[in-house]
Amino acid sequence: MNVSSLSQKEYKSTLRDLQIQLVKLQNHIIQNNLRLLVIFEGRDSAGKDGIIKRITEHLSPRDTRVVALGKPSDREANSWYFQRYVSHLPSAQEMVLMNRSWYNRAGVERVMGFCTEAEYQHFMQMVIQFERMLIESGIHIVKYYLDISKQEQIARLEDRRTNPLKQWKISPIDEVAIAKWNEYSEARNEMLNRSHSYTTPWHVVSADDKKQARINVIRHLLSEIDYQNNLNKHNDVDENVVFQFTPQNLHNGKISN
């Protein structure tokens with residue numbers, strides 16, 4: 001597995017400083033009745049759980065929610081696709097972090113055949129309009145796609161199988177993640193191309209180095225909202241780790257093929 005360029009001491013010190021800033025950000029959200037939605041997508045084992053844990057670790061649980069939905073019920077499967085997600089959107093003073101989101105339709109569901117081509121195409125035609133509607137209602141949306149190399153995914157999935165503390169993460173989807181690597185790459189590329197917009201852009205995270213990914217996602221998130229005493233304003237995000245998606249990224253080596 002990838003070895004971080006940060007020492008454990010540097011990582012812990014930097015993370016603590018950033019978590020203090022996250023508390024300030026949350027206070028700003030509460031005081032100004034803001035609504036923040038942070039979406040995390042990425043391949044299996046890309047590190048979504050780890051980043052979300054570090055963001056929420058010291059935040060108020062009353063004003064912070066992590067949403068990680070399971071398989072839809074029969075009723076949900078026969079309802080408007082976005083409907084099951086609407087009830088989980090942030091209310092005033094809340095920060096909601098989605099560990100996978102409506103973009104399941106563009107990734108896992110498409111690759112695994114859990115939706116029809118017509119359902120997929122309808123989703124892709126509607127998703128930007130749906131997100132624009134949320135933005136216009138006052139919800140601030142930040143979207144991250146965590147990208148890892150094939151070699152790193154193989155190592156992490158093997159660690160899940162052998163580490164007794166991580167075996168709860170194993171799912172039937174894991175079993176075909178590597179076999180369907182190319183299919184997931186194609187689905188990811190089309191999702192990023194078709195759902196990236198000026199109002200709700202995708203931010204890609206090079207996540208082979210877990211520590212760097214966590215640090216830079218938090219830095220980036222802090223830069224998304226202008227809050228009082230933001231000490232992170234001039235602390236540049238490493239653009240080799242977190243960068244806004246462009247179609248060129250699919251061909252210039254910045255995103256794993």
Side-chain angles (χ1 to χ4, degrees), residues 1-29 36 38-61 63-64 66 68 95 97-99 140 142-160 162-166 168-169 201-245 249 252-256:
M1 295 179 68
N2 186 278
V3 177
S4 178
S5 57
L6 280 175
S7 71
Q8 187 67 7
K9 183 178 180 180
E10 291 173 318
Y11 169 67
K12 285 188 172 183
S13 174
T14 304
L15 180 62
R16 183 180 184 278
D17 290 343
L18 291 172
Q19 288 175 329
I20 290 172
Q21 293 300 308
L22 284 168
V23 172
K24 292 181 183 179
L25 172 61
Q26 182 168 62
N27 287 336
H28 176 80
I29 290 171
L36 176 61
V38 189
I39 291 173
F40 289 94
E41 294 290 340
R43 296 184 190 267
D44 289 315
S45 74
K48 297 179 290 296
D49 291 326
I51 289 177
I52 290 170
K53 178 180 178 181
R54 273 67 185 185
I55 291 173
T56 61
E57 193 169 11
H58 299 289
L59 299 182
S60 163
D63 306 293
T64 311
V66 177
M95 179 193 303
L97 301 96
M98 284 192 173
N99 187 342
H140 190 110
V142 187
K143 301 190 299 191
Y144 295 107
Y145 182 88
L146 274 59
D147 183 55
I148 55 174
S149 64
K150 188 174 185 179
Q151 180 181 5
E152 183 67 13
Q153 187 181 49
I154 291 171
R156 292 185 187 181
L157 290 176
E158 179 59 27
D159 184 48
R160 282 186 183 181
T162 57
N163 187 334
L165 296 177
K166 295 182 179 180
W168 63 271
K169 294 185 176 184
W202 277 106
H203 303 282
V204 180
V205 183
S206 295
D208 274 9
D209 184 327
K210 290 183 178 181
K211 292 177 181 176
Q212 288 286 2
R214 293 166 185 169
I215 292 298
N216 281 280
V217 166
I218 296 174
R219 283 176 175 162
H220 183 272
L221 181 59
L222 290 169
S223 72
E224 282 290 292
I225 296 180
D226 187 18
Y227 62 94
Q228 191 174 14
N229 297 322
N230 182 353
L231 301 182
N232 189 65
K233 277 190 292 193
H234 307 294
N235 194 355
D236 291 342
V237 177
D238 186 339
E239 293 185 358
N240 290 315
V241 181
V242 180
F243 51 93
Q244 188 170 133
F245 170 75
N249 297 150
N252 62 12
K254 292 199 77 171
I255 295 179
S256 301

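What you see below is based on every heavy atom in this structure, not just the backbone, and it leaves out hydrogens, waters and symmetry mates. Residue indices begin at 1 and follow the sequence shown.
- Taken from CD1 in Ile20 to CG in Leu25, the straight-line distance is 14.0 Å, to the nearest 0.5 Å.
- Atom CD of residue Glu57 and atom CG of residue Leu22 lie 10.5 Å apart, to the nearest 0.5 angstrom.
- Taking the salt bridge (Lys or Arg N to Asp or Glu O under 4.0 Å) definition, one finds that Glu239 meets it with nothing, sequence neighbours left out.
- For Glu158, the side-chain contact (heavy atoms from CB on, under 4.5 Å) criterion is met by Arg161, Thr162, not counting sequence neighbours.
- For Thr64, the side-chain hydrogen bond (donor to acceptor under 3.5 Å, both in side chains) test picks out Gln26, with sequence neighbours left out.
- A heavy-atom distance below 4.5 Å is not found between the side chains of Arg43 and Arg156.
- With sequence neighbours left out, Asn163 forms a side-chain contact (heavy atoms from CB on, under 4.5 Å) with Asp159, Leu165, Lys166.
- Applying the side-chain hydrogen bond (donor to acceptor under 3.5 Å, both in side chains) criterion to Lys48, with sequence neighbours excluded, gives no partner residue.
- Contact annotation: the side chain of Ile52 approaches that of Thr56 to within less than 4.5 Å [non-hydrogen atoms, C-beta and beyond].
- Within the 4.5 Å cutoff, side-chain heavy atoms of Arg219 are placed close to those of Asn216.
- The ring pair (Phe, Tyr, Trp, His ring centres under 6.0 Å) check on His203 picks up Tyr144, His220, with sequence neighbours excluded.
- Looking at every heavy atom in both residues, Val142 comes nearest to Glu224 through CG2-OE1, 3.9 Å.
- A search for salt bridge (Lys or Arg N to Asp or Glu O under 4.0 Å) contacts involving Arg54 returns nothing, not counting sequence neighbours.
- We find the CD1-CD1 distance between Ile55 and Ile218 to be 5.5 Å, quoted to the nearest 0.5 Å.
- Taking CD1 of Ile148 as the start and NZ of Lys210 as the end, the distance is 9.0 Å to the nearest 0.5 Å.
- One N or O on the side chain of Glu10 and one on the backbone of Ser7 form a donor-acceptor pair closer than 3.5 Å.
- Legend: residues meeting side-chain hydrogen bond (donor to acceptor under 3.5 Å, both in side chains) with Gln153, ordered by chain and number and at least two apart, are absent.
- Of the possible donor and acceptor atoms, none in the side chain of Asn249 sits under 3.5 Å from a partner among the backbone N and O of Ile255.
- Contacts of Ser206 classified as side-chain contact (heavy atoms from CB on, under 4.5 Å), with partners at least two apart in sequence or in another chain: Phe243.
- Using a 4.5 Å heavy-atom threshold, the side chains of Lys24 and His28 count as separate.
- Of all heavy-atom pairs spanning Ala213 and Val205, the tightest one is CB-CG1, 3.9 Å.
- Remark: Gln244 CD is packed, more than 12 non-hydrogen atoms of other residues, nucleotides or ligands lying under 6.0 Å away.
- Scanning both residues, Asp209 and Gln212, for their nearest heavy atoms gives OD1-N, 3.1 Å.
- For the pair Leu59/Val23, a side-chain contact is recorded, criterion being any heavy-atom separation below 4.5 Å from C-beta on.
- Closest approach of Ala207 and Ala46 over heavy atoms only: CB-O, 3.5 Å.
- Contacts of Asp44 classified as side-chain hydrogen bond (donor to acceptor under 3.5 Å, both in side chains), with partners at least two apart in sequence or in another chain: Arg100.
- Every residue meeting the ring pair (Phe, Tyr, Trp, His ring centres under 6.0 Å) condition with Phe245, not counting sequence neighbours, appears here in chain and number order: His196.
- Interatomic distance, Arg16 CZ to His58 NE2, rounded to the nearest 0.5 Å: 8.5 Å.
- Shown here are the side-chain contact (heavy atoms from CB on, under 4.5 Å) partners of Lys150, two or more places apart in sequence or in another chain: Ile154, Ile178, Trp181.
- Between the CD1 atom in Ile51 and the CG atom in Leu97 there is a gap of 10.5 Å [rounded to 0.5 Å].
- Within the 4.5 Å cutoff, the side chain of Asp63 has no heavy atoms near those of the Ile29 side chain.
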